[in-house]
There are 2 protein chains.
Amino acid sequence: MAISLKDVAEHAGVSVKTVSNVVNGYRHVTPATRQRVQQVIDELGYRPNLTARHLRKGRTGIIALALPELGNPYFAELADAVINYAAGLDLIVLLDHTYGRRDQEVLFAQGFRARLIDGLILSPIELENEDLLARGHDAPLVLLGEREYEAPYDHIAIDNVAAARTATRHLLDLGRRRIAFIGARHGRSRQPAHLRLRGWRETVTAAGAAADDALVAGTDGYTRRDGAQAMARLLDSGTAPDAVFCYNDLIAIGAMRTLTERGLRVPEDVAVVGFDDIEEGRYCTAALTTIAPHKQAIARAAVDALLARLEGGAEGAVESRRVRPGFALVPRESTLGRP
Amino acid sequence: MAISLKDVAEHAGVSVKTVSNVVNGYRHVTPATRQRVQQVIDELGYRPNLTARHLRKGRTGIIALALPELGNPYFAELADAVINYAAGLDLIVLLDHTYGRRDQEVLFAQGFRARLIDGLILSPIELENEDLLARGHDAPLVLLGEREYEAPYDHIAIDNVAAARTATRHLLDLGRRRIAFIGARHGRSRQPAHLRLRGWRETVTAAGAAADDALVAGTDGYTRRDGAQAMARLLDSGTAPDAVFCYNDLIAIGAMRTLTERGLRVPEDVAVVGFDDIEEGRYCTAALTTIAPHKQAIARAAVDALLARLEGGAEGAVESRRVRPGFALVPRESTLGRP
DNA sequence: TTGAAAGCGCTAACAC
DNA sequence: GTGTTAGCGCTTTCAA
């Protein structure tokens, strides 16, 4: 049996309350008492039982972060940022995977792990508005990422349309006229990619460049393999783009792989832009030009928003926030070529 | 206030015990009662308070997985595997970072988060044997990775020497004679890399190939940047290797980047082998030949070992296990060239 | 400043 | 098959 407050109290000849006061750094304790208690704590190797504390306080200091998957470096890097920032605030982060599956996302949104966690940060892919509205009054929820909802929850996301415009304009500025877009999801109307797709379409259209559907390649998911396959389809269909803007870096990396295999040069024949600024992109043979969302800022905003809800009390108390962290275009070899 | 067992009991006109029985799927409950209780549960939206359950049971069902960092895809992929396998066993995984820093590793080994977690899986980098021996009788601990300790803890790791031999032999078989090793850590004697270094040294020596120290390049860490810098130093020093075996895939990717920048071809001029089989390696311009540790098997072994301790009771009850999951050489373009 | 006692929500004995 | 009760270890009134 482990050592409890009571054990310490008995050994020190004081009450549990006093020990509790010492453990929690309460002010009004005689230095003498404090020292004696502290000594017994050290001797016995007492560790407070967090579970009991949680039960009593009604809060656990644990928040969940539900992401599609860690296999995508963007999410791994983001998770890293959230965990770090939260740790500085004495919050523990419980990481969960949804695999971008609606049933999983609904599970978390509905309050899976209720009362183990104080709140949830969720990055949805397939979740629908109705799923969110059907949510009971559980722990606070903060939404992350490019899906848009009409529900009263805080939402942290960069301006995806603006970022897509920036990326596309960069390609136009380099003289490219047949810019493809890879990553629209097959046959889904309100898909995650629609904001970036819109930014692309608006910009190419405004510039009088090609904007036909033949330049838009769908994918099943968001992996390197999806990118490689989509690029292959694009080339096989005879579309012959001189640039591609990809939904994310992984897709871009897959696309570059296909281009290389087909004997096409990046960027001379086809320029490539990704999205996410994952570390990996910097080490590609043609280092990847990309949109860099400010991950630290995203992490900070998400945790802060959750914390505000936690402190703020009731759901409706504060109006739902819409935070737009910054982003930047990072031009590299995949569009500029080797210096 | 949230709905508790008691609330449900009152509404259903039964005792808390009965509700508890229903919630826990206890057998001996009349179907009629069960149905009535279940209905009230649904109506009221009752969710069991996990914290209270944990306190009562003395177990939380939460295990911690302390890894250096998620930024290394190998660890991200491993974490993914552990989380999934654990979920199937109704275990929640709490992910923590040590950044390969000894103080952080000691913290976890000493029982940080004691009594929040039932046990710990730790992948140490800098941790020393003495740190482990100084450990109190806290939650069970399972060690992961290539560091070796003389302490009574379960240890899961592939046979690193054998794996390094396989990788090196592969290069020898391709006719390479000046095989460099990148990733020995600067000026550390009992460094993590020493097993792989040994495998390399034994194999090149046995083959009568070059094994001089000029072919061994140290790094500060295990990132792409470390690999790029080490490769540059190797080339600048006039060593002129015709192959490199890298401590891990990230280092290999960084090394390939430098080779490309210097106008050297992979594998024609320099063949490259990595270690870890991260997804990223498959999409490099010269797809990376690598050693693939069986991550699923590692994850399974680690969780199983921890679970065995959890069930088995006392620390000394079971002898400490040494599990060696399998590995495989995956030859790709970075040694074989394009088909 | 410190002590005594109640109770957070749940499960495990034990009674009925 | 179901109800009653005690208590997991902690914090928090309320007294002293």
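Given the structure is predicted, the values throughout are model-derived calculations rather than measurements.
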Please enumerate all residues that pass side-chain hydrogen bond (donor to acceptor under 3.5 Å, both in side chains) together with B/Arg324, with sequence neighbours excluded. none
Sequence neighbours excluded, which residues qualify as salt bridge (Lys or Arg N to Asp or Glu O under 4.0 Å) partners of B/Asp131? B/Arg102
Would one find a side-chain N or O of B/Ser15 under 4.0 angstrom from OP1 or OP2 of D/dG3? yes
Whole-Å distance separating the CD1 atom of B/Ile41 from the P atom of C/dC10: 10 Å
Using whole Å, what does the distance between atom P of nucleotide D/dG3 and atom CD of B/Glu10 come to? 13 Å
Under 3.5 Å, side chain of A/Asn24 to main-chain N/O of A/Ser20, donor-acceptor pair present? yes
Comparing B/Gly13 with B/Ala52, nearest DNA chain D nucleotide closer to 5' gives the residue B/Gly13
Rounding to a whole Å, what distance do you find between A/Asp7:CG and D/dC8:C1'? 13 Å
Spacing of B/Leu55 atom CG relative to D/dC8 atom C1', expressed in whole Å: 4 Å
Under the ring pair (Phe, Tyr, Trp, His ring centres under 6.0 Å) test, which residues partner B/His97, sequence neighbours left out? B/Tyr99
My understanding is that only residues two or more places apart in sequence, or in another chain, count here; which of them pass salt bridge (Lys or Arg N to Asp or Glu O under 4.0 Å) with A/Glu69? none
Going by atom types alone, do A/Asp154 and A/Ser320 pair a side-chain donor with an acceptor below 3.5 Å? no
Degree of bending in the helix from C/dT1-D/dA16 to C/dC16-D/dG1 once both end axes are built from five pairs, to 10°: 40°
Once side chain to side chain contact (heavy atoms under 4.5 Å, CB included) is applied, do any residues pair with B/Lys17, and if so which ones, sequence neighbours excluded? B/Ser15, B/Asn21
Between C/dC8 (P) and B/Ile3 (CD1): distance, integer Å: 15 Å
Could you check how far OH of B/Tyr26 sits from P of D/dG1, rounded to whole Å? 10 Å
For nucleotides 11-16 of chain C, 5' to 3', base contacts (B), sugar-phosphate-only contacts (S) and non-contacts (-) with protein non-hydrogen atoms under 4.0 Å give BBB---
Within residues 46-87 of chain A or reaching into it, pairs that qualify as ring-ring contact (aromatic ring centres under 6.0 Å, His included) - sequence neighbours excluded: none
Check the phosphate of D/dC8 against A/Thr51, side-chain N and O only, distance under 4.0 Å to OP1 or OP2. Yes or no? no
When we call it a touch if two heavy atoms are under 4.0 Å apart, what does B/Thr33 touch: a base, just sugar-phosphate, or nothing? sugar-phosphate
Figure out the CG/P separation between A/Asn21 and D/dT11, and round it to whole Å. 9 Å
Separation of A/His54 atom NE2 from D/dC10 atom P, in whole Å? 12 Å
Which residues pass the side-chain hydrogen bond (donor to acceptor under 3.5 Å, both in side chains) test with B/Arg56, not counting sequence neighbours? none
In terms of the nearest nucleotide of DNA chain D, which residue is placed more toward the 5' end: A/Asn49 or B/Thr18? B/Thr18
